[in-house]
There are 2 protein chains.
Amino acid sequence: MRQKEDPKGEAVENVISNIKLNPVSRSRLHEDIVSQIQNKIITGELKAGEKLPAERELAMELNVNRATLREALKKLEVQGLVDIRHGDGVYVKDFLESESLEVLKAMMYREEGADPEIIDSLLSARSALLPEVAAMAAIKRDEQHVRKLKEIVEAKSNMPVLEADLAVHHTIARASGNYLVIFILNFFNKLFREYGKFYFSAPENENRSRKFHRDICEAIAKRDAHKARRIMKDVLEYAHERTMKAIIDR
Amino acid sequence: MRQKEDPKGEAVENVISNIKLNPVSRSRLHEDIVSQIQNKIITGELKAGEKLPAERELAMELNVNRATLREALKKLEVQGLVDIRHGDGVYVKDFLESESLEVLKAMMYREEGADPEIIDSLLSARSALLPEVAAMAAIKRDEQHVRKLKEIVEAKSNMPVLEADLAVHHTIARASGNYLVIFILNFFNKLFREYGKFYFSAPENENRSRKFHRDICEAIAKRDAHKARRIMKDVLEYAHERTMKAIIDR
DNA sequence: GGTCATTCAGTGGTTCGACCAATTAAAATA
DNA sequence: TATTTTAATTGGTCGAACCACTGAATGACC
């Protein structure tokens, strides 16, 4: 039975050989570690099922204390990126099984600039979900939501069109009365705030959005679910196409 | 300047007086702490903006070591529930502003039994999103996904029907090739694992699901997006109705 | 009296070294 | 050979210390 710590054991070779993690600068140490391991997992350098070196070893390799490394591992555990098993070891999980939007965000931001594949994912997901949300909103909305929509439509000349657009989407999500939808839409909007500039850089798209805001507001006010769904679907598919074109041409 | 630790200072009174956190049993200590603080935030006992006692104090109150408390706080930080400011303190955040699905899950699980409104939200959101995902999957799937679906369909007599159902949804999400959709579906599935029992308690629903798995697999294998969308839509609307009925009648 | 730079106690961040507890596999035993 | 025992490995907790940042009290200066 071991009684002493850090028995100066030679590198264990029955686990993945060497994952080349860099020693780290002095400040937000554990955050740097989180980023490093997160990136190695997301890029596939660390694959699902692989066992990380023991904490004592890994800490030494990173040139940090074990407690600091453990704080980093705890964060990665919450993000669903690693599985920590008492008495056994730390195992890499499949990051696509993660439900952490933090991880998704890390995937999106891991490349400089805009990753066309990720933006395409976002725009597709919006196109898939929002038409039905618009229909739900048309049915379940109350006067308060209609008032809010009209406010945005009327005030939007004083409002950047991207902000107005996000506000319209957000209000429609609220009007749908569905908690999950509100949550998901909040996340979509946070991402679209980054990427919407590619779409709204063209003036004709801005005009189209203004018209869209008027039309969807009217459809929801009239409780016309079918029309709301159609309007939303059309504008999102148009925006999808134009945004991808703008990104590829840039 | 302080040179010694734990200067036996009297309880500081310029922060929230006493949040009554219970000392904790010996195993998964930091997880118990996470749960306690999480609950206190979600129930509103700890309000946004409030400052937690200093780590050294809080650790003493919980009867745990400071390192253990810090691991718990790091997890809460990732969940977006607290804001840790070096040299200042730990502040409670507004959990409704969080984009962490972990937090949403904690909110859903905080009541005993099943909250009909939450389940209705979940089933509506599924009905809104998944038909389009099925259509996407029919177009973008490759052979690997078809093989996986057939495996599930054939093996599912040995598999609890709920697990088979979740696996089918998950495979379809992967086949869609849309990262956002995969993440969102993972989350839906984790919730539905809790609530699906209300639906599958009826044998006729289990049979319907088996047929659904066969049909959607076939439609996707044939790249028939229209049929896949229709099949998914029908089964989800049926499941929505039956599940809500089962819950209300229970 | 008001403004600014300084000081310093308090707080989170990191380090060290140790022991506890769960797991696994090798070794001893039936 | 099958089972039990043992010991090494690994994550979990502990406690004590020092480092680094923040903000408010202090005091010099205008």
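So you know, we letter chains A, B, ... as the sequences are listed, proteins then strands, and number each from 1.
- Listed pair B:His30 / D:dG12 fails the phosphate criterion, with no side-chain N or O lying under 4.0 Å from OP1 or OP2.
- Between A:Thr68 and C:dT15 there is a side-chain N or O to OP1 or OP2 distance below 4.0 Å.
- In this entry the distance linking CE of B:Met60 with P of C:dT11 reads 12 Å, nearest Å.
- Under 3.5 Å, the side chain of B:Arg85 and the base of C:dG13 form no donor-acceptor pair of N or O atoms.
- Atom-to-atom, CZ of B:Arg66 to P of C:dT15 comes out at 13 Å; the value is rounded to the nearest Å.
- In this structure, A:Arg70 reaches the bases: a heavy-atom distance under 4.0 Å links it to at least one base atom across the strands shown.
- To the nearest angstrom, C1' of D:dG12 lies 12 Å from CD1 of B:Ile33.
- One can place CZ of B:Arg28 at 10 Å from P of C:dA22, the figure rounded to the nearest angstrom.
- One can place CG of A:Asn63 at 8 Å from P of C:dT15, the figure rounded to the nearest angstrom.
- The neighbour count for B:Tyr179 OH, taken as heavy atoms of other residues, nucleotides or ligands under 6.0 Å away, does not exceed 12.
- At whole-Å resolution of the value, CG in B:Asp88 and P in C:dG12 are 8 Å apart.
- Atom CG of B:Asn65 and atom P of C:dC19 are 15 Å apart (whole Å).
- Contact detail for B:Val161 and B:His213: the closest heavy-atom pair is O-CE1, 4.4 Å.
- Among all heavy-atom pairs drawn from B:Glu45 and B:Glu50, the shortest one is O-OE1, 4.1 Å.
- B:Arg56 contributes no side-chain N or O that forms a donor-acceptor pair with the base of D:dG15 under 3.5 Å.
- Between A:Ala67 and B:His86, the residue anchored closer to the 5' end of DNA chain C is B:His86, taking for each the nucleotide with the nearest heavy atom.
- Nearest approach of B:Leu180 to A:Leu122, heavy atoms of both residues: CD2-CD1, 3.7 Å.
- One interatomic measurement links the two molecules: CG of A:Leu73 to C1' of D:dT13, which rounds to 16 Å at whole-angstrom precision.
- Using a 4.5 Å cut-off on side-chain heavy atoms (C-beta onward), A:Leu52 and A:Leu46 make contact.
- Considering only side-chain N and O atoms, A:Lys74 lies nowhere under 4.0 angstrom from the phosphate OP1 or OP2 of D:dG11.
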